[in-house]
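I have placed the structure first, in the form of structure tokens, so that the comments after it can refer back to it.
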Number of protein chains: 4
Amino acid sequence: MASPRRQRLRPDVRLPQILDAAVEEFAVRGYAGASMTAIAGRAGVAKGLLYHYFPAGKADLFRAAVRSCVQPAFAEAEAILASRAGSRRALLRALVDMAYARLTGQPRDQVLFRLIVSEADRFPEIAEFYQAEVLSPTFALVRAVLRAGVESGEFRPEALEQPGLPQVVLAPVLMASIWRMMLGEARSPDLDAMRDAHADLLVRALSA
Amino acid sequence: MASPRRQRLRPDVRLPQILDAAVEEFAVRGYAGASMTAIAGRAGVAKGLLYHYFPAGKADLFRAAVRSCVQPAFAEAEAILASRAGSRRALLRALVDMAYARLTGQPRDQVLFRLIVSEADRFPEIAEFYQAEVLSPTFALVRAVLRAGVESGEFRPEALEQPGLPQVVLAPVLMASIWRMMLGEARSPDLDAMRDAHADLLVRALSA
Amino acid sequence: MASPRRQRLRPDVRLPQILDAAVEEFAVRGYAGASMTAIAGRAGVAKGLLYHYFPAGKADLFRAAVRSCVQPAFAEAEAILASRAGSRRALLRALVDMAYARLTGQPRDQVLFRLIVSEADRFPEIAEFYQAEVLSPTFALVRAVLRAGVESGEFRPEALEQPGLPQVVLAPVLMASIWRMMLGEARSPDLDAMRDAHADLLVRALSA
Amino acid sequence: MASPRRQRLRPDVRLPQILDAAVEEFAVRGYAGASMTAIAGRAGVAKGLLYHYFPAGKADLFRAAVRSCVQPAFAEAEAILASRAGSRRALLRALVDMAYARLTGQPRDQVLFRLIVSEADRFPEIAEFYQAEVLSPTFALVRAVLRAGVESGEFRPEALEQPGLPQVVLAPVLMASIWRMMLGEARSPDLDAMRDAHADLLVRALSA
DNA sequence: GATGAATGAGTCTTCATTCAT
DNA sequence: GATGAATGAAGACTCATTCAT
């Protein structure tokens, strides 16, 4: 006589279901706009169950959802780096291309970014977390590439003396992502044009 | 200093009061998080009055608030441009400096940007408006500077052949602004370092 | 330098403007649904002016509006009665026809009736007023016709002994009106069919 | 008699509670005048629960409340009809008596009718529903009685040839109900007198 | 683990009414 | 007489959260 809806699942099955639903809902509606009911509905569970898994409530679910999005996007970058194919210049170009490509193909990454931007001051710890887990490593990676280029003689040595350079190098890719989110594919600046201009700018500015 | 219960003001006095309060509240809380009650309280008026000035309600007030933020930024840029002081290179540097300076000094501008980023897909018309009234003109302005530089022989002629260049040139300033919003002054990348790296990068990449 | 909108009119011009607007608005929206703003708008005056003419507010305006609708609908009936054309039977038929005809041609009368029906228990005095000014006289008129018919020998003498007869005689016309209001012209019972059946029924039942 | 703060009941218990409270409140105040808070209070539940059962809100609750009033009236009429006691004339009289009796004894029925009359044009579907579910069947019932009477030779054959007759036959009862609602028991026409006059009129007009 | 009935504080919004101009 | 800015109370509705089952 069990209710047909009532299926007991192990936490490691239910939890991802719930987190996925939460990510999608938060992504579409923002933090304040997403309702627990809607998240539960999307996950196919009852409202009450959300509080079983996240007794502290909505804010906690949000934190968990955001955290669940930060996957090692670095795997690919490090693979490219490891293969050290050709010149540093070609390497740089490959990295830039990869970064732009992700923007097109990985909506989940965009979502993450957007959520963090808009909810950052309601959840300072999330911004902090993002800075520590995503931003800093990425800057470090760029710095490593620059150092390798300088050491091999391809890049100008001054590149290592400017602490703000990695940020400047990365910024256009991130802005391209933000413009896409804001304006839609139709109205946002042309991605290919930006990628080419970006790569060209870097090569000219950094070459020894 | 008595606060009379009912102070009748001319609309051209009240309206800015209300808009200012709305901008502040939306900035702090986001669209969904800002409450009409709080906006009214901040403006020192009764809730009902908001609907007298914006019968269409919260969304309309939001639009008006965003629009009220736009004008001041361009005035300064055009002033700099008009005073065509010195070389194009110096001009570019002046513009870059101004842009970074605004990010520090004008919280209103940051607010505007953050609101647009986070609420863009709930208010597509605002994103559209921003693109048309702010972004496009700014790109055009950068392009004008580049063209002047090329014509004077200071900049490389290829600079004019890359349609994505203005976006790449501007991106670091905007990202600096976003990082500040997200991470706070303490944790965000160092503004001065970025400005210097940015200006240096441009000069190296663009010089003939 | 007078504001162009500000036209001072004599009360006997303004008052009908306001009452007409009120009747229309109350008719369309009901008492609770009609807003003072909308009435003022329809009348082409400012909200405040309504309170100048009706200091006691909305309820008072409603009462005045309803009262303004009760015009002597009896003029026509009494004209028919005075012309005593032909037999009482023909007279009765003429009166029935007239009653049904009014239902089609005079939306203002229907409105009045509907308002009274639906707001009667919020405004008991209005129901009272209606009963005294409209209903009672109408019953009396029917009774007079019956008496004349009995005296002339055309109608059965028992017709005068049934105190409920005038109500029964009138009811179908009023119900026809109510059904029209409720169901619209399309779905409500056929007016012509009712009129014929009604007249026939009366003639058969009353003839000596 | 302690009233526990949170009493969980099965929906098939709560729903009628809520509908009953809604009918009463709508009856007294009309649609616009009835407040969700008051309905919840009358039902002894929190406001929010109303939206649990009627997510579409007030209008939906209103529709459900009206619908919940319909069924009982027909049962009795059909019982009388089934017990085809005595002559058709007696049958007609029994039905007329029943109809008048209901108006006195069953406030729920009056309420229903009043609601439909006054809110018909705000809820066209309800008027439609009323016409289809209540009015048409009632007319059909009257027509069936007439036909049976004609076939048995008690009624004049012409009674079947007048399509408007059922409406005319029923109208006085309904008007009696409306007058009662409008004017109160004290001021409205005498019910007994109407019933007698009504029955007598029908018998005289319909007898062969 | 899982459900969904139940709550109540909070949100946007409306509107009769007041009153300075 | 006339305006419309300003108010405040009240209304419909939402939603995070609780808890009996």
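Chain A is the first sequence line, chain B the second, and so forth, proteins listed ahead of strands; every chain is numbered from 1.
A34(B) comes within contact range of the sugar-phosphate backbone alone, with a heavy-atom separation under 4.0 Å but no base atom that close. Residue contacts for L50(D): at a heavy-atom cut-off of 4.0 Å it reaches no nucleic acid atom on any strand shown. Contacts of G57(A) with the nucleic acid, taken as non-hydrogen atoms under 4.0 Å apart, involve only primed sugar atoms and P, OP1 or OP2. Among the atoms of the strands shown, none is found under 4.0 Å from any heavy atom of R10(D).
No side-chain heavy atom of E119(B) sits under 4.5 Å from any side-chain heavy atom of V66(B). Between R14(B) and L49(B), the closest side-chain pair of non-hydrogen atoms falls below 4.5 Å. Contact check for L61(C) versus L19(C): side-chain heavy atoms found under the 4.5 Å cut-off. Taking 4.5 Å as the limit, every side-chain heavy atom of F62(C) sits out of range of all side-chain heavy atoms of R122(C).
Remark: dT11(E) base-pairs with dA12(F). Criterion, Watson-Crick or G-U wobble with two distances under 3.5 Å. The base-pairing partner of dT21(E), taking Watson-Crick or G-U wobble contacts with both distances under 3.5 Å, is dA2(F).
If you take CZ of R8(B) and P of dT21(E), they are 8 Å apart, rounded to a whole angstrom. Between the C1' atom of dG11(F) and the OH atom of Y31(D) lies a distance of 12 Å, rounded to the nearest Å. Taking atom CG of L49(B) as the reference point, atom P of dA9(F) lies 16 Å away to the nearest angstrom. Regarding F54(C), its CZ atom lies at a distance of 12 Å from the P atom of dG1(F), rounded to whole Å. Distance F62(B) CZ to dC12(E) C1': 16 Å, rounded to the nearest Å. Distance, L61(D) CG to dG11(F) C1': 15 Å, rounded to whole Å. Remark: P of dA16(E) and CG of D60(C) are 14 Å apart, rounded to the nearest angstrom. A straight line from CD of E25(A) to P of dC15(F) spans 10 Å, rounded to a whole angstrom.
The residue among P55(A) and V45(B) whose nearest nucleotide of DNA chain F is located toward the 5' end is V45(B). Of the two residues contacting DNA chain E, namely L9(D) and K58(B), the nearest-nucleotide position lying further toward the 5' end is that of L9(D). Between P11(C) and G48(D), it is P11(C) whose nearest contact on DNA chain F lies nearer the 5' terminus.
The side chain of S35(B) has dC12(E) as its nearest neighbour among dC12(E), dT7(F), dA6(F). Among dT3(E), dA16(F), dG1(F), the nucleotide with an atom closest to any side-chain atom of M36(A) is dA16(F). In the set dT3(E), dT7(F), dT7(E), dT7(F) carries the atom at the smallest distance from any side-chain atom of A46(B). Listed nucleotides: dA2(E), dT17(F), dC12(E). Nearest to the side chain of Y53(A): dA2(E).
Between Y51(B) and dT13(E) there is a side-chain N or O to OP1 or OP2 distance below 4.0 Å. Between K47(A) and dG4(E), a side-chain N or O to OP1/OP2 separation shorter than 4.0 Å is absent. Look at H52(D) and you won't find any side-chain N or O under 4.0 angstrom from OP1 or OP2 of dA6(E).
Remark: K58(D) fails to qualify as a cation-pi partner of F26(D) under the 6.0 Å distance and 45° angle criteria applied to the six-membered ring. Within the cation-pi definition used here (under 6.0 Å to the ring centroid, within 45° of the axis), R67(D) qualifies as a partner of F129(D).
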